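Structure, as structure tokens:
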Amino acid sequence: MIRLPDGRLMGFAEYGDPRGFTVVNAHGGLAGRLDVAAADRSARDAGIRLLSPDRPGIGLSDPQPGRTVLDWARDVEDLVNRLGVGRFGVLGWSMGGQYALAVGSGVASRVTSVAVIAGALPLTEPGVFAQLPAGDRVFTRLSQHAPLVARSCFRVMGAVALRAPRLFRRLGARDLGAADAAVLRSEPVRNFSLMSGEALRTAPGMVEDYCAWMRPWGFAPEDLTVPVDVWGGTEDELVPTTWPPELARRIPGARLNIRTGGHFMAHLHYREIFDTLRRRSES
């Protein structure tokens with residue numbers, strides 16, 4: 001953990017090659033710093049030092065009420081400053097995609113490239129929120145309008161994840177679709193349960209995370225000036241298949257990469273994603 005300039009503590013995990021090129025991970029929703037644990041070997045083989053911080057109020061990180069997506073860029077900049085990192089890449093999966101882009105916008109002079117995996121369009125734009133899966137819509141509205149109820153839901157989910165990991169994985173596999181179910185079953189049961197259980201132990205922080213992703217980003221996709229790769233899975237059942245192409249179209253110079261797999265497609269393609277981030281850093 002580190003202490004940020006405003007006094008908050010930030011928890012983070014580190015994977016891959018400690019002497020490699022640094023990539024900062026922006027974790028997904030209902031997840032935290034452990035969501036890239038499965039990428040450790042691929043990052044090491046690709047020569048990537050993978051830093052994965054908890055967002056405010058999640059896991060080991062102190063809360064930051066009222067935070068915005070763009071606030072995260074300042075936290076990441078403080079983290080890399082503290083660790084003596086100069087230029088770095090950014091990776092964001094699912095809900096983390098907008099946070100990765102925020103770092104690319106807010107710390108553009110130091111970001112070599114951004115990889116967005118199964119990310120969302122700005123939810124404040126007309127019609128976008130309605131395209132989210134029902135579960136995310138429910139968690140978002142509960143977090144906004146009935147936070148005590150949302151906290152109870154998240155606490156129960158976290159308890160199940162940590163105390164009944166096999167049941168939690170089975171329920172997750174049932175809700176995610178065939179491609180993602182296959183990924184979950186191919187990895188140690190503790191990967192999925194710890195990823196969510198550790199993040200959900202601070203239920204108020206998860207409520208704030210769902211509120212934050214509904215606030216304006218503070219920048220538009222069209223404003224990005226850093227190189228961006230958008231990745232999507234052909235069998236993703238959680239985000240519309242039209243979102244990755246639309247996001248890539250709107251970001252100047254972005255490259256679209258559609259590969260096999262579902263919402264967890266990165267687990268099948270981590271090495272290619274890391275190799276792309278590293279090549280971008282060398283150009």
Side-chain angles (χ1 to χ4, degrees), residues 12-28 31 33-53 76 79-80 83 85-94 96-105 107-119 179-180 182-184 186-187 191 195 221 224-236 239 241 243-245 247-249 251-283:
F12 67 96
E14 185 167 349
Y15 301 100
D17 180 356
R19 295 175 295 182
F21 174 71
T22 298
V23 171
V24 177
N25 174 59
H27 62 75
R33 67 189 185 280
L34 305 181
D35 81 339
V36 283
D40 183 45
R41 174 63 65 85
S42 296
R44 186 165 61 250
D45 292 346
I48 295 293
R49 180 192 186 190
L50 186 58
L51 302 177
S52 184
V76 169
L79 172 65
V80 295
L83 298 179
V85 174
R87 289 172 62 75
F88 60 97
V90 191
L91 165 72
W93 168 65
S94 192
Q98 58 196 344
Y99 287 95
L101 291 174
V103 177
S105 174
V107 199
S109 64
R110 296 174 64 179
V111 172
T112 57
S113 68
V114 175
V116 177
I117 304 164
D180 290 319
V183 169
L184 295 186
S186 71
E187 297 181 355
N191 279 14
M195 175 190 80
L224 273 293
T225 60
V226 300
V228 176
D229 280 272
V230 178
W231 301 80
T234 55
E235 299 167 85
D236 193 334
V239 302
T241 56
W243 281 8
L247 189 61
R249 182 190 68 79
I251 297 172
R255 295 191 305 201
L256 177 64
N257 306 274
I258 301 298
R259 299 291 185 270
T260 56
H263 202 60
F264 285 77
M265 61 82 65
H267 291 237
L268 306 176
H269 304 283
Y270 269 131
R271 180 59 191 269
E272 183 184 6
I273 293 168
F274 289 140
D275 284 345
T276 299
L277 283 162
R278 188 175 182 90
R279 282 197 304 271
R280 292 278 209 173
S281 75
E282 296 168 348
S283 62

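The model shown is predicted, which means the values in this text are computed figures rather than measured ones. Computed over heavy atoms, backbone and side chain alike; hydrogens, waters and symmetry mates excluded.
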Starting at CD1 of Ile117, measure out to NE2 of His263 and round the result to the nearest 0.5 Å. 10.0 Å
So CH2 of Trp93 and CD1 of Ile273: to nearest 0.5 Å the spacing works out to 12.0 Å
Considering non-hydrogen atoms only, spot the tightest contact between Pro18 and Arg49 and give its length. O-CD, 3.7 Å
Between Asp275 and Arg271, does any side-chain N to carboxylate O distance fall below 4.0 Å? yes
Ring pair (Phe, Tyr, Trp, His ring centres under 6.0 Å) filter on His27, not counting sequence neighbours, yields none
How far apart are the closest heavy atoms of Ala248 and Leu256, and which atoms are they? CB-CB, 3.9 Å
Closest heavy-atom pair, Leu101 versus Leu224, reported as atoms and distance to 0.1 Å, is O-CD1, 3.7 Å
Pairwise distance OG1(Thr22) to CG(Leu79) - rounded to 0.5 angstrom: 9.5 Å
Residue pair Val103, Val24: steps toward the side-chain contact (heavy atoms from CB on, under 4.5 Å) verdict: CA-CA 10 Å; Val103 177; Val24 177; over 6 Å; no
May I ask you to decide if Arg278's main-chain N or O and Ser281's side chain share a donor-acceptor pair within less than 3.5 Å? yes
Residues forming a side chain to side chain contact (heavy atoms under 4.5 Å, CB included) with Glu235, sequence neighbours excluded: Ala179
Treating Arg110 as the side-chain partner and Val85 as the backbone partner, does any N or O pair qualify as donor plus acceptor under 3.5 Å? yes
Side-chain heavy-atom pair Trp231, Val116 within 4.5 angstrom cut-off: no
Enter the distance from Met265:CE to Asp236:CG here, rounded to the nearest 0.5 Å. 9.0 Å
Is there a side-chain contact between Val76 and Val107, using heavy atoms and a 4.5 Å cut-off? no
Out of curiosity, Ile258 CD1 to Thr234 OG1, how far, rounded to the nearest 0.5 Å? 8.5 Å
Holding to side chain to side chain contact (heavy atoms under 4.5 Å, CB included), I want the full list of residues that pass it with Asp17, two or more places apart in sequence or in another chain. Arg19
d(Ser94 OG, Phe264 CZ) to nearest 0.5 Å is 8.0 Å
Side-chain contact test, heavy atoms from C-beta onward, threshold under 4.5 Å: evaluate it for Val23 versus Phe21 and give yes or no. yes
Between Asn257 and His269, does the side-chain contact (heavy atoms from CB on, under 4.5 Å) criterion hold? Intermediate values first, please. CA-CA 11 Å; Asn257 306 274; His269 304 283; over 6 Å; no
Residue pairs, two or more places apart or on separate chains, that pass salt bridge (Lys or Arg N to Asp or Glu O under 4.0 Å) and touch residues 224-234: Asp229-Arg255, Asp229-Arg280
Closest heavy-atom pair, Gly261 versus Leu268, reported as atoms and distance to 0.1 Å, is CA-CD1, 3.9 Å
CA sep, side-chain torsions, deciding dist, call: Phe88, Thr112, side-chain contact (heavy atoms from CB on, under 4.5 Å): CA-CA 6 Å; Phe88 60 97; Thr112 57; over 6 Å; no
If you take all heavy atoms of Ala100 and Leu91, which pair is closest and at what distance? CB-C, 4.0 Å
Pairs in or reaching into residues 256-270: which pass salt bridge (Lys or Arg N to Asp or Glu O under 4.0 Å), with residues at least two apart or in two chains? Arg259-Glu272
Which heavy atom of Pro221 sits nearest a heavy atom of Pro252, and at what distance? O-CD, 3.6 Å
Residues forming a ring pair (Phe, Tyr, Trp, His ring centres under 6.0 Å) with Phe274, sequence neighbours excluded: Tyr270
